[in-house]
2 protein chains.
Amino acid sequence: MLHKNDKSRLSLVDKAYVEIRRRILEDNWQPGYQALEEAIARELDMSRTPVREALIRLEREGLVEIMPRRGMRVVAISSTDMCDIYEVVTVLESEAAARLARLRPDKKFLAPLNASVEAMDKALEKDNLKAWAKADEAFHANLLKLCGNARLAQMGMSVQDRIKRARLATLNERPVPYRSNDDHRALIEAIMEGDVEAARRIHTQHKQNAMQMITTILKQREDDDLDE
Amino acid sequence: MLHKNDKSRLSLVDKAYVEIRRRILEDNWQPGYQALEEAIARELDMSRTPVREALIRLEREGLVEIMPRRGMRVVAISSTDMCDIYEVVTVLESEAAARLARLRPDKKFLAPLNASVEAMDKALEKDNLKAWAKADEAFHANLLKLCGNARLAQMGMSVQDRIKRARLATLNERPVPYRSNDDHRALIEAIMEGDVEAARRIHTQHKQNAMQMITTILKQREDDDLDE
DNA sequence: TTTATTTTTAACGTATACATTATAATCTGA
DNA sequence: TCAGATTATAATGTATACGTTAAAAATAAA
């Protein structure tokens, strides 16, 4: 487990972890997908042992569940679970936003946030929702990274992973997200003005809107599945 | 990894996980303690494999770090890290408190919370700080469990584990915690009245006081260590 | 045909073997 | 004696072997 080393000397556990995680987060392995250790090991051209170890990590992160004799299964996206998770991420990110506002940072410090919003604007000009989602994700990651609390950032990021798939899966069914871009710009404004409560309120509202849209779509799908 | 089975059929991984975790949380293995896989395996009377797997879980939970050729090391308690973690747990628990207040639960539903406060009172009458800490911990766990958001509870609990050692390590250096008991009673009161903002405020203030006391003691110790 | 029982198969958890390599110990030269 | 080089050791990561047992398949009975 040389998991602290550079990329060229990644252990097989790390390689398995990165690859499996990639397949899940990029939806190559969809929610509910199952695979046995041995099959994964064959696919990744390694023995079972590093696959096992990678799966333990991923299980702890909530991306897979390990079911004896069924192998691992990619955790399903459920609307009720997503509601719960969204609430957590809303609290964490809004605290990060408030914290950042308290810091009263200068424009230079907030450059990564502005860059993300610009990339989001550009993506919408080109009708490229995928690129928009990527830039949006970067905005949220930057918000957490800049907030000055390492644990808050780490935890916020790990919860992000859990909602990432739901965000992508619903991307084409949501209205064009102009409002997201506006929300982020307003947030940056509030942060620069050191307006802690506004920052918290703007971001909370933003996440709640997103949650509403996403979980409504998910619920609809679940209802459709029940009708079949 | 029959980690979902009953206790009598715990896998060796589960056994190792439970035992190592117990030793850390009960301070038998103190912050900074190092041990090699092989040594742990010998101590637990099993081969290295289940020990490795247990350590991966514990690493993901932030209790240990795995360092090649040095084995695992129990994560140190640092005042700055504790500040960060306390901020996270404050946000999570305060949200749980607010959520609970929103629910406007009846007295019966809140029985576990009242029971914990009573146990805390009883422990202080007997000058038993250890028992007090245990009841206090139960109070916080119950608060999370009752809040109605499974993810919030799960995450709050996992962050609890990270501060548990710092709480215990500083227990005898803090003033007798009458105020904690009062705070918890006030919180229950606010919850029963459905006063969301009071609940949030009371609990936030409570956690911030605790954080202040604990991290001050930790910082003092770190400064003392530097003087040696 | 269906259900129950028995047998077989293979997935998993665990132990062990082995190659790699980081680190400790030892040796050599100034 | 000290610093650098070399050698030895052992910790780790990985592969593989093996025993256990859950699940699948086959067989028998109703």
Side-chain angles (χ1 to χ4, degrees), chain A residues 1-24 29 32-76, chain B residues 1-24 29 32-76:
Chain A
M1 284 200 292
L2 303 177
H3 49 274
K4 298 214 172 106
N5 282 13
D6 64 293
K7 202 145 181 97
S8 61
R9 299 204 8 259
L10 279 187
S11 68
L12 291 184
V13 180
D14 288 328
K15 280 179 181 155
Y17 171 78
V18 167
E19 179 60 20
I20 294 170
R21 187 168 177 278
R22 190 192 64 78
R23 290 181 186 197
I24 292 168
W29 283 356
Y33 173 76
Q34 288 185 198
L36 299 172
E37 291 176 2
E38 188 60 59
I40 298 172
R42 237 181 287 124
E43 249 188 77
L44 300 185
D45 191 31
M46 62 181 73
S47 78
R48 269 200 298 130
T49 311
V51 170
R52 278 182 73 81
E53 293 188 12
L55 289 176
I56 293 170
R57 291 194 204 171
L58 290 160
E59 187 191 39
R60 291 282 125 165
E61 293 174 14
L63 290 183
V64 304
E65 38 183 356
I66 295 171
M67 307 183 316
R69 301 205 151 243
R70 293 279 177 276
M72 62 117 242
R73 185 170 74 181
V74 177
V75 168
Chain B
M1 287 201 292
L2 303 175
H3 50 271
K4 296 211 176 112
N5 282 12
D6 63 296
K7 200 142 181 101
S8 61
R9 297 201 12 257
L10 278 188
S11 67
L12 292 185
V13 180
D14 288 327
K15 279 180 182 155
Y17 171 78
V18 167
E19 179 59 21
I20 294 170
R21 189 168 176 278
R22 189 192 65 79
R23 290 182 186 195
I24 293 168
W29 284 357
Y33 174 76
Q34 289 187 198
L36 300 173
E37 292 176 1
E38 187 60 60
I40 299 173
R42 237 180 287 122
E43 246 185 81
L44 301 185
D45 190 32
M46 62 180 76
S47 77
R48 267 199 300 130
T49 312
V51 170
R52 280 182 72 82
E53 294 188 11
L55 289 176
I56 294 170
R57 291 193 203 173
L58 290 160
E59 188 191 38
R60 292 281 126 167
E61 293 173 18
L63 290 183
V64 304
E65 36 182 356
I66 294 172
M67 307 184 316
R69 304 210 147 243
R70 293 279 177 274
M72 61 117 244
R73 185 169 75 179
V74 176
V75 168

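In the text below, chain A, chain B and the rest are named by the order of the sequence lines, each starting its count at 1.
Taking the side chain of B/Arg69 as heavy atoms from C-beta on, and the options C/dA11, C/dT14, C/dA22, the nearest nucleotide is C/dA22. Looking at the side chain of B/Glu37, the nearest of the listed nucleotides D/dA15, D/dG13, C/dG13 is D/dG13. If you check C/dA15, C/dC12, D/dT12 against the side chain of B/Arg48, the one that comes closest is D/dT12.
Scanning both residues, A/Gly32 and A/Arg73, for their nearest heavy atoms gives O-CG, 3.4 Å. Shown here for B/Trp29 and B/Ile20, the closest heavy-atom pair between the two residues is CZ3-CG2, 3.6 Å.
The side chain of B/Arg52 places an N or O atom within less than 4.0 Å of a non-bridging phosphate oxygen (OP1 or OP2) of D/dG13.
Nucleotide D/dA11 holds its P atom 12 Å from the CD1 atom of B/Ile40, rounded to whole Å. Going from atom CD of A/Gln34 over to atom P of C/dA10 covers 18 Å, rounded to whole Å. The interatomic distance linking A/Met72 (CE) with C/dA11 (P) rounds to 15 Å, in whole Å. Computed from coordinates, the B/Ile56 CD1 to D/dT14 C1' distance equals 12 Å when rounded to whole Å. A straight line from CG of B/Leu12 to P of D/dG19 spans 16 Å, rounded to a whole angstrom. Regarding A/Leu36, its CG atom lies at a distance of 16 Å from the P atom of D/dA22, rounded to whole Å. Rounded to whole Å, atom C1' of D/dT14 lies 16 Å from atom CG of A/Leu55. Counting to the nearest Å, the C1' atom of D/dT12 and the CD atom of B/Glu53 are 15 Å from each other.
Salt bridge annotation for A/Arg57-A/Glu53: absent, with no cationic side-chain nitrogen under 4.0 angstrom from a carboxylate oxygen. Classification of B/Asp14 and B/Arg21 as a salt-bridged pair fails, no side-chain N sitting under 4.0 Å from a carboxylate O.
Map A/Asp45 and B/Glu38 each onto its nearest nucleotide of DNA chain D; the residue landing nearer the 5' end is B/Glu38. Remark on DNA chain D: of its neighbouring residues A/Arg70 and A/Thr49, the 5'-side contact belongs to A/Thr49, judged by nearest-heavy-atom nucleotide.
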